[in-house]
Amino acid sequence: GKGVRLFHDDKPSANSPVADLVRAYQIKSENVIAHIRKASQGQTSLANTHPFMREMWGEYWLFAHNGHLIDFYPEQGEYYHAVGTTDSERAFCYILNRLRNRFAAKPDAGTLFDAIAALTHEIRRHGLFNFVMSNGDCLFAHASTLLHYIVRKAPFGKARLLDDDVMVDFAEVTTPNDKVAVIATLPLTENERWTQLACDELLMFHDGAVAGCDCPDTPRYLSTEEGLAIARAVVGDPPLLLADEPTGNLDSRSGASIVALLRELNEAGTTIIVITHDNELAASLPRQIAIRDGEIVSDSAHPGGDHDE
């Protein structure tokens with residue numbers, strides 16, 4: 001049906017009573033969105049807890065986002081307003097406002113996918129925009145950095161979890177007619193073949209299968225290490241951040257996103273030390289200290305002076 005069970009908790013998931021409830025409740029649903037928030041923008045509170053939900057065209061829409069959007073403060077829309085203070089909820093409301101202004105009634109799936117793809121292109125110019133969104137009928141997934149999926153169907157087999165010594169027999173929890181798509185930041189099992197989304201790829205899933213795809217002409221894929229390095233750069237509010245070769249092995253666009261994130265953190269009060277062999281990047285920073293053979297040979301804050309400070 002069209003109903004929604006929505007469970008929110010602003011406590012850590014590792015010891016959340018809500019997580020215990022969901023684990024014990026054995027809920028059946030055609031679409032499930034689960035999210036652990038990194039809190040890169042907005043304080044930790046229920047108002048800022050994902051997934052966010054709104055009604056549109058007589059359906060419940062849900063949205064969860066991992067990433068960081070820079071200077072994304074669109075004008076308040078006519079229909080949907082953010083309750084909390086996250087860039088994620090602002091993006092969700094912006095998407096729904098634009099869709100509702102364009103379509104008085106729900107369009108066909110292909111038209112809807114194209115419209116969401118165009119809005120995704122627009123929003124991701126502001127930074128990292130990994131998200132999943134669903135109306136209960138279709139599920140949309142977009143990757144700026146890391147996102148993987150797998151589609152399971154009969155005959156269902158067994159799989160071992162990557163983060164725990166647990167074997168799951170999917171034949172025991174499915175029927176022969178089921179087709180199940182699972183989307184996650186990283187693969188969850190070690191003996192199955194997961195598919196990685198390219199950076200800036202948008203997929204639409206329907207009835208457990210890929211039903212729409214918008215992918216760059218030249219797909220590029222981040223390694224796990226690169227993607228996690230980008231995530232670490234936006235987590236929390238650290239007083240000091242050490243960025244060791246933050247743009248190494250990244251293409252120019254991803255590297256520019258990382259540098260922009262570092263600049264925003266610095267403007268917010270975080271002291272950032274960048275270690276790099278990229279002379280162009282170093283020259284763009286407010287202070288440059290050159291080190292050779294373990295000794296400081298120059299410091300732009302003390303040109304020609306004492307480097308012992």
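Because only heavy atoms are used, hydrogens play no part in the values below, and waters and symmetry mates are left out as well, while side chains stay in. If you're wondering where the values come from, they're calculated on a predicted model, not measured in any experiment.
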Would a line drawn from the ring center of F129 to the ring center of H65 be shorter than 6.0 Å?
yes
Is any side-chain heavy atom of T86 closer than 4.5 Å to one of F52?
yes
Does the ring centre of F72 sit less than 6.0 Å away from the ring centre of Y94?
yes
Under 4.0 Å between a Lys/Arg side-chain N and an Asp/Glu carboxylate O for E89 and R54?
yes
Residues at least two apart in sequence or cross-chain that pass ring-ring contact (aromatic ring centres under 6.0 Å, His included) with F140, listed by chain then number, are none
In terms of ring plane angle, is the pair Y25 and F7 parallel, tilted or perpendicular, where the classes change at 30° and 60°?
perpendicular
Would you find a donor on one side and an acceptor on the other, under 3.5 Å apart, between the side chain of N191 and the backbone of R160?
yes
So CZ of F131 and NE2 of H142: to nearest 0.5 Å the spacing works out to 6.5 Å
Between T85 and N48, is a side chain to side chain donor-acceptor pair (under 3.5 Å) present by the stated rule, with each step listed?
CA-CA 7 Å; T85 56; N48 289 335; 3.2 Å; yes
Any side-chain donor paired with an acceptor under 3.5 Å for H126 and D87?
no
Within 45° cone of Y79 ring axis and under 6.0 Å: R100 NZ or CZ:
yes
With rounding to the nearest 0.5 angstrom, report the CD to CD distance, Q196 to E201.
9.5 Å
Using every non-hydrogen atom in the two residues, find where S144 and N130 come nearest and quote the distance to one decimal.
N-OD1, 2.6 Å
Check whether F170 forms a cation-pi arrangement with R152 (NZ or CZ under 6.0 Å from the six-membered ring centre, at most 45° off the ring normal).
yes
Determine the minimum heavy-atom distance between C138 and H206, stating which atoms define it.
SG-ND1, 3.9 Å
Plane angle bin for H50 and H35 - parallel if under 30°, tilted between 30 and 60°, otherwise perpendicular
parallel
Separation between OG (S16) and NZ (K11), nearest 0.5 Å, reads 8.5 Å
Would you call D200-R124 a salt bridge at under 4.0 Å N-O?
yes
